[in-house]
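First comes the structure, then the notes that go with it.
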Protein chains: 2
Amino acid sequence: MARAGVTSERVTRAAAELADEIGFDRVTGSAVARRLGVKEPSLYAHIANARELKVRVALLALEEMADQAAAALAGRAGKDALVALANVYRDYARRHPGRYAASRFELDPETAARSAGPRHTEMTRALLRGYDLPEPDQTDAVRLLGGAFHGYVSLELSGSFRHTERSTDASWAWALDTLDHALRTHPARRAGG
Amino acid sequence: MARAGVTSERVTRAAAELADEIGFDRVTGSAVARRLGVKEPSLYAHIANARELKVRVALLALEEMADQAAAALAGRAGKDALVALANVYRDYARRHPGRYAASRFELDPETAARSAGPRHTEMTRALLRGYDLPEPDQTDAVRLLGGAFHGYVSLELSGSFRHTERSTDASWAWALDTLDHALRTHPARRAGG
DNA sequence: GAATTTGCCTAATTATATTAGGTACAGTTA
DNA sequence: TAACTGTACCTAATATAATTAGGCAAATTC
């Protein structure tokens, strides 16, 4: 029989596609193997175990989002940048729900440190320079924005907003307006930004 | 042999305890059966399947949080109420990380409608009356607050904030200050609140 | 105390995760 | 091109989890 040409990259890609199709929590080694046209034990030449499969999808998602965030932020500042970054997360989550769920997979500290996670923090911090917040307020604002973006996207994706008429696009725009306004008029903000 | 006295309530309680101890995603029927001192198939007299086990834990968590939220909101208004509600979620997540994770488990629409989920929306809406926002801004604010609370708590719990020195308690207080400020000074707010 | 219900059991099936060890294909050297 | 070597993928086997079928004994009802 011809060899299938499995690599850890192809395994990861197949797992990511599967996650978007059937949900991250339903991704299994056997499903990935089936999709690649090999038997399940063959995967273990390329990945250590089933957990690593999920970790790899998480790392892929974090990196894809960071790349898109970097592209979206280029040449933007202030509210323009805030809206661009926020929309990267929201759009990514809608386009790739399984990968987005994977990006919330709990990584061990060393893996998390080497992941694209810190890039997200850095980019949010860079964006906030346009709001002229002193430390430690800038750190607090990074956490608020990270939480607000993720929380909104996560609740919208899980259907928590479906019971109400109001368009989720409109609420999203309102939320970003409000966050921008809050950061611009925050008491901690230095005078004369 | 004496009967173990298994009921769906005891199964749910055992699953919830297990979730807090080992993580919601590691809760299995066999682990619950082991904890209850019965064989795994015995569970299926009380629950339909493994998914229902998770759904029941999710419903329990949503209800416990709603009850605590109702108690915390009693007699409070304005920022006081906002902080009280937010802290219910954060404290619950820290005390019961597995149950909190369960509360994010995706329910089918009918189950979600019968769950305590809508109570959370109602309570947030009630809280926002103190901010005097007209519709549809009130709905938008419900979504922003829900997202911000959940997102912050979720990121903090998953360790995303561990890389930075700044106390997460302090950032949390800052975030609540900021949200309160934003809602009080939002352009959409009616004059003379 | 007999009849009935039912709670929990054993046995068996299917799917997933994983290890051990074999075979044949691919690339390298002669 | 034939032999050599590495390794990609396989089969076989084990453990755990989810689930169904069917049986026995304990609890409940009369």
Side-chain angles (χ1 to χ4, degrees), chain A residues 1-60 98-99 101-102 104-108 111, chain B residues 1-60 98-99 101-102 104-108 111:
Chain A
M1 287 192 202
R3 297 192 178 183
V6 180
T7 63
S8 56
E9 282 72 26
R10 286 195 59 209
V11 171
T12 306
R13 197 144 31 86
E17 288 165 9
L18 212 49
D20 288 335
E21 291 166 18
I22 65 175
F24 181 62
D25 43 351
R26 286 184 204 168
V27 172
T28 67
S30 40
V32 171
R34 237 173 281 141
R35 167 170 291 235
L36 291 172
V38 298
K39 299 291 176 176
E40 199 182 353
S42 305
L43 296 182
Y44 290 88
H46 307 282
I47 56 164
N49 49 46
R51 179 180 158 79
E52 188 183 315
L53 191 66
K54 298 193 167 190
V55 169
R56 280 177 181 276
V57 178
L59 294 174
L60 173 69
R99 293 178 211 210
R104 313 305 346 158
F105 190 68
E106 197 143 344
L107 304 172
D108 62 278
T111 308
Chain B
M1 287 193 203
R3 296 193 178 181
V6 180
T7 64
S8 57
E9 282 72 24
R10 285 194 59 209
V11 171
T12 305
R13 198 145 29 87
E17 288 165 8
L18 212 49
D20 289 335
E21 291 166 19
I22 63 174
F24 181 61
D25 43 352
R26 286 184 204 167
V27 172
T28 67
S30 39
V32 171
R34 237 173 280 141
R35 167 169 290 237
L36 291 172
V38 298
K39 300 290 176 175
E40 198 181 352
S42 304
L43 296 182
Y44 290 88
H46 306 282
I47 57 164
N49 49 45
R51 181 183 157 78
E52 189 184 313
L53 191 65
K54 299 192 168 191
V55 170
R56 279 177 183 275
V57 178
L59 295 174
L60 173 68
R99 292 178 211 210
R104 315 303 346 157
F105 190 70
E106 198 143 344
L107 303 172
D108 62 277
T111 308

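Convention: sequence-line order gives letters A, B, ...; per-chain numbering from 1.
- For the pair L43(B) CG and dC9(C) C1', the interatomic distance rounds to 13 Å; values are reported in whole Å.
- Here the P atom of nucleotide dA12(D) and the OH atom of Y44(A) are 19 Å apart, to the nearest Å.
- Taken over five-pair windows at either terminus, the axes of the helix from dG1(C)-dC30(D) to dA30(C)-dT1(D) are inclined to one another by 10° (rounded to 10 degrees).
- For T7(A), the side chain to side chain donor-acceptor pair (under 3.5 Å) test picks out no residue, with sequence neighbours left out.
- The heavy-atom pair separating L36(A) from A14(A) by the smallest distance is CD2-CB, 3.9 Å.
- For residues 46-58 of chain B, the salt bridge (Lys or Arg N to Asp or Glu O under 4.0 Å) pairs, not counting sequence neighbours, are E52(B)-R56(B).
- Listed pair S42(A) / dC10(D) meets the phosphate criterion, a side-chain N or O lying under 4.0 Å from OP1 or OP2.
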For residues 18-29 of chain B, which side-chain N or O atoms pair as donor and acceptor with protein atoms under 3.5 Å away, sequence neighbours left out?
residue, atom, partner, partner atom, Å
D20(B), OD1, G98(B), N, 2.9
D20(B), OD1, R99(B), N, 2.9
D20(B), OD2, H96(B), ND1, 2.9
D20(B), OD2, R99(B), NE, 2.8
E21(B), OE1, R35(B), NH2, 2.5
E21(B), OE2, R35(B), NH2, 3.2
T28(B), OG1, S30(B), OG, 3.3
T28(B), OG1, A31(B), N, 3.1

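- Taken residue by residue, residues 6-35 of chain B places heavy atoms nearer than 4.0 Å to DNA chain D at T28(B), G29(B), S30(B), R34(B).
- Annotation: proximity of residues 45-54 of chain B to DNA chain D (heavy atom, distance under 4.0 Å) is found for N49(B), A50(B), numbered in ascending order.
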Atom pairs, N/O to N/O, protein against nucleotides 20-22 of chain C, distance under 3.5 Å?
none

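- Between L107(B) and L59(B), the closest side-chain pair of non-hydrogen atoms falls below 4.5 Å.
- Within the structure, the side chain to side chain donor-acceptor pair (under 3.5 Å) test picks out no pair touching residues 41-50 of chain A (sequence neighbours left out).
- For R104(A), the side chain to side chain contact (heavy atoms under 4.5 Å, CB included) partners two or more places apart in sequence, or in a different chain, are Y100(A), H150(A), L155(B), S160(B).
- A33(A) is linked by a side chain to side chain contact (heavy atoms under 4.5 Å, CB included) to V38(A), E40(A), L43(A), counting only residues two or more places apart in sequence or in another chain.
- Closest approach of A15(B) and V57(B) over heavy atoms only: CB-CG2, 3.6 Å.
- Contact between A102(B) and A58(B) at its shortest, heavy atoms only, is O-CB, 3.1 Å.
- In this structure, E40(B) places its CD atom 13 Å from C1' of dT14(C), rounding to the nearest Å.
- Separation of atoms OG1 (T12(B)) and CG (L60(B)) is listed at 7.0 Å; rounding is to 0.5 Å.
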